[in-house]
Undergrad: 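Can you read through this structure? Questions will come right after.
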Amino acid sequence: MADPQSADSARRGPEIDDCPPVDACARVLADAFVREPAVSWICGNSADARRNWFDATLRADATLPGSRRYTLTGDGGRPLAAAVLTPPGAALSLAAQAQWGARTLARCGSRAVQRTLRYLQITEAGAPEGAWTLEFIGVDPGAAGRGAGRRLLDRLFADTPATAGVFLATADPGNVALCQHFGFVTLRRLSVGPLNVATMLRRRTSSP
């Protein structure tokens, strides 16, 4: 997640796409999460494994009714940032679980499958009832400093009917203060393997 100040000097500013292709989101997130602790623990240092893991995971999330994807695109339609949300109580069908498992096993290896399931089992148990989950938000490293993260967050908060709030989990210590800046509060600290994971919630603010 990023909170840079907007500095758009182009004639037409970046645009938000609320129905982008899965592969466009996956490419941005794979680049954005290159040093994120949880993804590194799951995928190791392989760029191919990271890209394939995001592709398989986002394709699974896309099968959930009501799930949402966003990209912020710059000149020429190049995605600069991406975000993925899933609705309250969302659960993959058995078929979607099997497809995700097969894709991830074939492209990323058994460790990625096992560690993903372990991470989700521990972190998802803390999601408040009725809350949406911000699964991922990331900014392409080359777009840092342009306000892309802020633009996406503002849009998804405005669009999402999250009466119980928006939930997330982060294993990156640097993200905690940043999330607090956007109104998230820490719910719990969890240990997942070597990771210290913070679960956080942003409650819906009342309109004036």
Side-chain angles (χ1 to χ4, degrees), residues 1-2 17-72 79-127 131-141 149 152-153 156 160 166-172 175 179 190 192-193 195 197-200:
M1 181 182 290
D17 184 349
D18 61 4
C19 192
V22 167
D23 60 346
C25 289
R27 286 195 301 270
V28 173
L29 293 172
D31 290 339
F33 279 67
V34 65
R35 294 183 178 85
E36 198 277 334
V39 173
S40 296
W41 180 63
I42 290 168
C43 299
N45 296 321
S46 168
D48 286 342
R50 189 169 60 253
R51 284 192 295 268
N52 288 329
W53 182 84
F54 270 108
D55 182 75
T57 301
L58 267 59
R59 289 186 188 283
D61 286 343
T63 68
L64 296 169
S67 64
R68 301 182 177 198
R69 294 188 307 278
Y70 296 86
T71 55
L72 184 75
L80 306 175
V84 178
L85 294 103
T86 53
L92 295 177
S93 68
L94 292 178
Q97 291 179 46
Q99 192 167 46
W100 173 86
R103 281 176 171 158
T104 305
L105 179 63
R107 300 174 182 177
C108 307
S110 59
R111 184 183 70 174
V113 174
Q114 294 164 1
R115 290 186 174 182
T116 301
L117 295 177
R118 183 178 175 188
Y119 183 88
L120 293 176
Q121 180 183 28
I122 294 173
T123 59
E124 289 184 344
W132 284 67
T133 297
L134 179 56
E135 302 285 356
F136 306 105
I137 183 166
V139 178
D140 185 285
L152 269 187
L153 281 172
L156 68 87
T160 306
V166 175
F167 172 82
L168 64 79
T170 179
D172 187 342
N175 278 347
C179 292
L190 305 170
V192 184
L195 305 172
V197 181
T199 60
M200 308 184 76

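Because the structure is predicted, anything quoted here is derived from the model rather than measured.
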Undergrad: Could you tell me whether Arg27 and Asp31 have a side-chain N and a carboxylate O separated by less than 4.0 Å?
TA: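 No, no charged N to carboxylate O under 4.0 Å.
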Undergrad: Establish, from distance only, whether the side-chain atoms of Trp100 and Thr116 form a donor-acceptor pair under 3.5 Å.
TA: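 The criterion, which ignores hydrogens and geometry beyond distance, is not satisfied for Thr116 and Trp100.
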Undergrad: Tell me the closest heavy-atom pair linking Val192 and Val197, and the distance in Å.
TA: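 The answer is CG2-CG2, 3.9 Å.
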Undergrad: I would like to know whether Trp132 and Thr86 meet side-chain hydrogen bond (donor to acceptor under 3.5 Å, both in side chains); could you show each step before the answer?
TA: CA-CA 6 Å; Trp132 284 67; Thr86 53; over 6 Å; no
Undergrad: State whether the side chain of Thr133 and the backbone N or O of Leu168 hold a donor-acceptor pair below 3.5 Å, judged by distance alone.
TA: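 No, because the side chain of Thr133 does not come within donor-acceptor range (under 3.5 Å) of the backbone of Leu168.
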Undergrad: Tell me whether Thr63 contacts the main-chain N or O of Ala60 through its side chain, where contact means a donor paired with an acceptor under 3.5 Å.
TA: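 Present.
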Undergrad: Considering non-hydrogen atoms only, spot the tightest contact between Thr170 and Asn175 and give its length.
TA: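 The pair with the smallest heavy-atom distance is OG1-ND2, 3.3 Å.
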Undergrad: Any donor and acceptor pair, going by atom type alone, linking the side chain of Glu135 with main-chain N or O of Leu85 inside 3.5 Å?
TA: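 Looks like no, no N/O pair under 3.5 Å.
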Undergrad: Do Leu58 and Val84 pass the side-chain contact (heavy atoms from CB on, under 4.5 Å) test, and can you show the C-alpha distance, the side-chain angles, and the key distance before you say yes or no?
TA: CA-CA 8 Å; Leu58 267 59; Val84 178; 4.0 Å; yes
Undergrad: Salt-bridged, Asp55 to Arg51, with N to O below 4.0 Å?
TA: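 No, this pair does not count.
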Undergrad: Using every non-hydrogen atom in the two residues, find where Ala82 and Leu29 come nearest and quote the distance to one decimal.
TA: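 For Ala82 versus Leu29, the nearest heavy atoms are O-CD2, 3.7 Å.
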Undergrad: Is the side chain of Arg50 donor-acceptor paired with the backbone N or O of Cys43 at a distance under 3.5 Å, no angle test?
TA: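 No; zero donor-acceptor contacts below 3.5 Å.
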Undergrad: With no hydrogens and no angle check, is any side-chain donor or acceptor of Arg107 less than 3.5 Å from a backbone partner on Trp53?
TA: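 Between the backbone of Trp53 and the side chain of Arg107 there is no qualifying donor-acceptor contact (under 3.5 Å).
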